[in-house]
2 protein chains.
Amino acid sequence: MAKRSDTQGRLDDAARAGWLYYVAGRTQDEIAAAMSISRQSAQRLVSLAVAERLIKVRLDHPIAACLELAEALRKKYDLKHVEVVPSDPAGSSSTVGIAEAGAAEIERWLKRPDPIVIAVGTGRTLKAAVDQLPPMECPQHRIVSLTGNIGPDGSAAFYNVIFSMADAIKARHFPMPLPVLCSSAEERETLHDQALVRSTLELGAQADVTFVGIGELGPDGPLCVDGFLGKEEMQKLVREGAAGEICGWVYDNQGKLLANSINDRVASVPIPSRETSSVIGLALGRKKFQAISAALKGNIINGVITDEATAEQLLGR
Amino acid sequence: MAKRSDTQGRLDDAARAGWLYYVAGRTQDEIAAAMSISRQSAQRLVSLAVAERLIKVRLDHPIAACLELAEALRKKYDLKHVEVVPSDPAGSSSTVGIAEAGAAEIERWLKRPDPIVIAVGTGRTLKAAVDQLPPMECPQHRIVSLTGNIGPDGSAAFYNVIFSMADAIKARHFPMPLPVLCSSAEERETLHDQALVRSTLELGAQADVTFVGIGELGPDGPLCVDGFLGKEEMQKLVREGAAGEICGWVYDNQGKLLANSINDRVASVPIPSRETSSVIGLALGRKKFQAISAALKGNIINGVITDEATAEQLLGR
DNA sequence: TTTGCTCATGGGCAATTACTCGTTAAACGG
DNA sequence: CCGTTTAACGAGTAATTGCCCATGAGCAAA
């Protein structure tokens, strides 16, 4: 073994040790014995092989791509939590996979023994996720709704998810006995001054984790479809640069809340602090791309659950 | 997380855990926390991902192919030690690489602090390996030659390697003061009865490790070239099914020693037990393929150092 | 030749991981 | 519906691995 101090020889040894360790599955002790070096040296060679990128690991499973996309998204937007689910090739439903994944994440939070406050927004996607929740007993937690549960016509809004959720998991729940949009900023002030509403507002601010849907704008967006906004108002919003909405809060394509008459009238609880809690958006699909992208850019949310295709769009791939 | 008992979901989890562990480099504790499972379960998932071949490791280094060939050879012939060196594309010399690798392996044994007995055969390949040995101080070991050092013309044989080796490593050495071939079986008995020879024979039987060259037969094989056998005798041997020789012991293509007049006259020490010691053959090249293959099949050697091309031949690739 | 620097080495120790065992829960078959 | 079988789980423990540090060899500049 004439000269082993040269770099090439050392890399050869590193490759050999790395191969024995990762491919052949030997222990570092065995490698050390086989190469007549100390175990510590074997360990150094293995870690050198890793550091020099000689060994490459890949995951042969559909989920692998998702995890990579998730990691890329997490880095790009500095997120606390990202989940990317495989895209349904048929791609018809907007809740395939994401609902299960969202439910799984909600369930992870619910499993915690220490009491937490979970805030939820509204929307079809979130509803689908909550519908996937298994029956549980979580009396230690509290669920608070960020949005009002009174529809534009006075009836209960369909996609207010808090009741389904509370039903499934047996937790104390705090709905917002309000409409989604008030008629004016003054009315909102009055309504928010009510004792019941005020405590809900305070609870919302304490949320440990928040799950929200992300709504796109335009005549087919949920705000219009569910009758909260007329088409004219919607067109005006879009002209003013609105890109999406979360719990009724409308933001532009940089994720900045618009300073306009709509946001002055939104009765929802302010979205909990992204500094102290996780705010996780559930959304996928080409139609919602702009809304998701803007929400991420503006740090309105610091977590996202989406699908492969949308994740790739968000990464500009 | 509706159903997690199904195999698909479990594999997904395994993939996720495997990805987090191997790609993201998280610890199993972190994975367990992230997936809301116990650390033991995380470990099970990671090991499941490995068992199910979900994670694949690849080594980007020329030596990887050699290591794979070595592992395959080791399994095919149940060998104790295999080393495969990259083939020299020019392929002219029969000692390129193999000499260095052989020297490295000899050196590994020499580095051992506990006293061992090293037996050596003869041949050009082995000589080249020994010439690569760095100066060492190994007074604790003993080297014994398996073959005589007297050539057919009464001079010292060229490729008896024990003197070069002893010179380089300063160890006690035990040459065989004999020819390679005796004139008859009776002469061999007489010679082996000498006190000096007898102790060498006994020492050879105790060898902890043996390094031998592998000779091909035919008019260009070492036995003929070095003048130990005439062409007529060689032709007779080949007709009788001889496929190769190690230390003068001639065997057929199944690695069985031939029961003929040549083996009765070979003065060499019997090849040490493959049950209790390592017998490592050094050889490469198309010409020696048959000899190597037969030696491996017949378990005459239980270790081999060769090159990529020869290894592929041996594996029938 | 001496001095100072760098780097590989091996010992020791703490962290991490793998395995075994007894228990529990779920699936299966009668 | 009940007993059997299988698989998964958690706890505990042994094995393995990662990392820090003191040491000494190799080497270049003084």
Side-chain angles (χ1 to χ4, degrees), chain A residues 1-55 57 59 104 107-108 110-113 134-137, chain B residues 1-55 57 59 104 107-114 133-138:
Chain A
M1 208 191 301
K3 289 279 259 184
R4 283 293 169 186
S5 56
D6 52 302
T7 308
Q8 185 53 55
R10 191 166 173 78
L11 274 185
D12 281 358
D13 285 346
R16 192 174 287 267
W19 190 89
L20 288 168
Y21 188 72
Y22 286 103
V23 183
R26 315 292 182 82
T27 70
Q28 294 181 355
D29 268 317
E30 291 172 321
I31 297 168
M35 299 178 70
S36 288
I37 53 180
S38 70
R39 190 192 59 74
Q40 294 87 336
S41 297
Q43 195 273 328
R44 285 189 182 96
L45 287 176
V46 171
S47 91
L48 177 65
V50 176
E52 295 290 336
R53 311 275 175 174
L54 294 182
I55 49 149
V57 186
L59 186 51
E107 193 174 344
R108 272 193 275 280
L110 290 171
K111 273 183 180 167
R112 297 169 63 145
M136 292 177 77
E137 300 282 340
Chain B
M1 210 189 303
K3 289 277 260 184
R4 283 293 169 188
S5 56
D6 53 301
T7 307
Q8 187 53 54
R10 189 165 174 79
L11 278 183
D12 280 358
D13 286 346
R16 185 174 293 266
W19 190 87
L20 288 167
Y21 187 72
Y22 286 103
V23 183
R26 313 295 182 82
T27 69
Q28 294 182 354
D29 268 317
E30 292 172 320
I31 296 168
M35 299 177 69
S36 288
I37 54 180
S38 69
R39 195 188 56 72
Q40 293 93 326
S41 297
Q43 194 275 327
R44 284 190 181 95
L45 287 176
V46 171
S47 97
L48 177 64
V50 175
E52 294 291 336
R53 310 274 175 174
L54 295 182
I55 49 150
V57 186
L59 183 54
E107 195 179 338
R108 272 192 274 278
W109 286 87
L110 290 171
K111 273 182 181 167
R112 298 168 63 146
D114 50 308
L133 283 174
M136 292 177 78
E137 300 282 335
C138 303

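The chains referred to below are lettered A, B, ... by the order of the sequence lines, with proteins before strands, and numbering in each begins at 1. Please read these numbers as outputs of a predicted model, since none were measured by experiment.
Between the NZ atom of A:K111 and the C1' atom of D:dC9 there is a distance of 13 Å, rounded to whole Å. Counting to the nearest Å, the P atom of D:dA8 and the CE atom of B:M35 are 14 Å from each other. Taking atom CD1 on A:I31 and atom C1' on D:dT17, their separation rounds to 11 Å, with Å as the unit. Rounded to whole Å, atom C1' of C:dT17 lies 7 Å from atom CZ of B:R39. What separates CG of B:D29 from P of D:dG18 is a distance of 15 Å, to the nearest Å. Per the geometry, CD belonging to B:Q40 stands 14 Å off P belonging to C:dC19, to the nearest Å. At whole-Å resolution of the value, CG in A:D13 and P in C:dA8 are 12 Å apart. Nucleotide D:dA15 holds its C1' atom 12 Å from the CD atom of A:E30, rounded to whole Å.
Listed pair A:Y21 / D:dT16 fails the phosphate criterion, with no side-chain N or O lying under 4.0 Å from OP1 or OP2. In this structure, A:S38 does not reach the C:dG11 phosphate: none of its side-chain N or O atoms is under 4.0 Å from OP1 or OP2.
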*Start with the C-alpha gap between A:K111 and A:M136, add the side-chain angles, then the distance that decides, and say whether side chain to side chain contact (heavy atoms under 4.5 Å, CB included) holds.*
CA-CA 9 Å; A:K111 273 183 180 167; A:M136 292 177 77; 4.2 Å; yes
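Residues A:I37 and A:L45 are in side-chain contact: their nearest non-hydrogen atoms beyond the backbone lie under 4.5 Å apart. At a threshold of 4.5 Å between non-hydrogen side-chain atoms, the residues A:Y21 and A:R26 do not count as touching. The shortest distance between side-chain heavy atoms of A:Y22 and A:V50 falls below 4.5 Å.
Remark: A:Q43, A:R44 in residues 43-50 of chain A come within less than 4.0 Å of DNA chain D through at least one heavy atom.
For the pair A:E30 (side chain) and A:T27 (backbone), a donor-acceptor distance under 3.5 Å is present.
Across all strands, B:Q28 comes closer than 4.0 Å only to sugar-phosphate atoms, never to a base (heavy-atom distances).
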